[in-house]
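So that the names make sense, note that chain A is the first sequence line, chain B the second, and so on, each numbered from 1.
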Number of protein chains: 2
Amino acid sequence: MIASLSSPSPAASTAEEEAYLYLHKALRLGRYKAGERLIPEDIAAEIGMSRMPVREAFRRLAADGLVTLRPNRGCVVAGLTLDELTEAFEIRSVLEGLAVRLAMPKLTAEHFEELDRLLLRMERAGEAGSSDWVLRHQEFHAYIYGLSGRPKLIRQIAALHVAIEPYMRIWFDYVEKPLSAREEHQTLIDAFRAGDVAEAERVMEDHVLGTASLLAEFASPGRR
Amino acid sequence: MIASLSSPSPAASTAEEEAYLYLHKALRLGRYKAGERLIPEDIAAEIGMSRMPVREAFRRLAADGLVTLRPNRGCVVAGLTLDELTEAFEIRSVLEGLAVRLAMPKLTAEHFEELDRLLLRMERAGEAGSSDWVLRHQEFHAYIYGLSGRPKLIRQIAALHVAIEPYMRIWFDYVEKPLSAREEHQTLIDAFRAGDVAEAERVMEDHVLGTASLLAEFASPGRR
DNA sequence: GTTTGGATAAGTGGATACAAAAATCCAGTG
DNA sequence: CACTGGATTTTTGTATCCACTTATCCAAAC
């Protein structure tokens with residue numbers, strides 16, 4: 001149903017891949033704090049390999065925007081400033097809008113029903129807590145932009161979702177209530193069902209930007 | 001005036017940086033053919049270092065989409081399929097559209113004049129050949145999206161320009177005439193001068209998508 | 001008490017060495 | 001003559017080692 005969400009596949013064929021998956025997961029779960037320094041030797045010891053594959057994993061994580069790499073100064077967990085967070089949402093809004101535009105012509109009744117199910121699941125998860133809700137929320141969005149059928153677009157959007165994930169958790173814990181989230185996303189499904197491509201794209205853009213401005217108020221816990 | 005275009009700064013503080021810059025430049029200039037395999041040992045020998053920093057440079061280039069990396073199978077120059085090329089333009093169109101939307105409120109008469117100058121320079125370069133024209137064309141676009149003031153957005157758009165650069169050369173050599181390119185881009189400047197944000201964004205999107213469909217016809221020289 | 005300088009420790013970048021995987025080549029077989 | 005299987009070669013992936021940079025800490029000076 002949902003292909004792979006945003007996380008890479010669990011099977012690691014090389015040590016570098018294993019290190020990347022390990023760190024990617026840890027970073028998504030917020031195991032390291034923003035600004036914290038990641039020491040290759042320690043990570044390598046944790047997962048039983050040498051520093052080398054870990055170093056290469058760092059480069060990939062840096063490309064994902066999850067860590068920052070500076071010459072002779074190592075690897076630090078990349079927190080987003082308020083500006084950066086806003087920018088991520090701005091980019092997400094047009095990319096997910098584009099995805100909707102591309103997906104719209106392909107949508108059928110089955111897709112709408114699946115979206116209803118995903119929304120229901122997201123709502124139920126929301127009652128349990130932010131952790132599940134964030135994943136279900138990603139799943140909901142991933143289902144939509146996945147229907148665009150554009151591999152690079154999908155990867156880019158997924159990467160943005162991962163980068164903003166920690167902030168979504170904070171936001172949901174402190175502000176959002178499952179019911180208002182439900183309404184927000186119901187609006188999306190309604191727009192898809194209505195069948196107006198341009199309008200659906202606009203609704204998706206607004207949805208993402210709307211989330212951004214709500215989130216912005218809570219997203220500056222002194223992170224660099 | 002133009003900050004850095006899309007290419008990274010020329011000074012390399014580490015060997016990895018040097019390898020990255022060297023390969024980035026070579027790839028942009030089309031020194032390697034799409035599908036060609038890059039052997040770390042050879043590259044390392046060419047620029048006088050060991051394989052290691054070259055390997056790490058490969059990872060960054062892979063993140064840029066300029067090469068493809070597969071476990072145990074090395075590094076190959078990433079050609080774009082027609083679908084991938086189209087997708088790159090689709091993404092470019094919404095990102096550059098967004099950049100225009102963000103830049104519009106900041107534009108003054110000086111900016112319009114600078115755009116006129118850049119357009120003139122692009123036109124003159126076009127008479128010389130595709131190589132210069134492509135760079136001037138990038139410069140023109142970079143000036144616009146640079147005014148958005150959004151670092152990540154700028155980086156992403158610049159990366160897309162680099163990825164499609166070889167195809168722009170082909171296209172320009174075979175199809176485009178300096179004068180029609182001039183008219184296309186004059187339309188952009190006119191839209192900016194008119195001051196309607198939504199309209200300017202739309203014009204930029206259309207410009208990019210229009211280029212895509214023209215380019216598509218010439219972009220499938222059997223590349224993988 | 002704060003600042004500055006330098007010794008010391010910690011960590012990063014890069015080269016070499018070695019092991020494992022893939023590609024190539026070649027001989028034997030149908 | 002095409003094909004299969006296996007030895008050889010090539011190339012990739014990882015570990016270890018060393019040199020150099022950066023950070024830390026302590027003591028002396030202001």
Only distances under 3.5 Å count here; give the side-chain donor-acceptor pairs of residues 40-47 of chain A to other protein atoms, sequence neighbours excluded, each with its distance to 0.1 Å.
unit_1, atom_1, unit_2, atom_2, d
A:Glu46, OE1, A:Tyr22, OH, 2.3
A:Glu46, OE1, A:Arg31, NH2, 3.4

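Contacts of A:Glu16 with the nucleic acid, taken as non-hydrogen atoms under 4.0 Å apart, involve only primed sugar atoms and P, OP1 or OP2. Nucleic acid contact class of B:Arg73 (heavy atoms, under 4.0 Å, all strands): sugar-phosphate only.
For the pair A:Arg55 CZ and D:dA15 P, the interatomic distance rounds to 13 Å; values are reported in whole Å. Remark: P of D:dG13 and CD of A:Glu17 are 11 Å apart, rounded to the nearest angstrom. Atom OH in A:Tyr20 sits roughly 19 Å away from atom C1' in D:dG13 (whole-Å rounding). Rounded to an integer number of Å, the gap from CZ of B:Arg51 to P of D:dT11 is 11 Å. One can place CE of A:Met52 at 13 Å from C1' of D:dT12, the figure rounded to the nearest angstrom. Rounded to a whole Å, the CZ atom of B:Phe58 is 14 Å from the C1' atom of D:dG13.
Using a 4.0 Å cut-off between a side-chain N of Lys or Arg and a carboxylate O of Asp or Glu, B:Glu123 and B:Arg136 do not qualify as a salt bridge. Checked for salt-bridge contact, B:Arg28 and B:Glu165 meet the test: a charged N lies under 4.0 Å from a carboxylate O. Of the charged side-chain nitrogens involved, at least one lies within less than 4.0 Å of a carboxylate oxygen, so that B:Arg101 and A:Glu205 count as a salt-bridged pair.
Running 5' to 3' along DNA chain C, contacts with non-hydrogen atoms of chain A at under 4.0 Å begin and end at C:dG11 to C:dA15.
Each of B:Arg70 and A:Arg37 was assigned the nucleotide of DNA chain D with the nearest heavy atom; the assignment lying further toward the 5' end belongs to B:Arg70.
Shortest non-hydrogen contact noted between A:Glu84 and A:Leu80 is OE1-CA, 3.4 Å.
Between the side chains of B:His185 and B:His207, a donor-acceptor pair is found at a separation under 3.5 Å.
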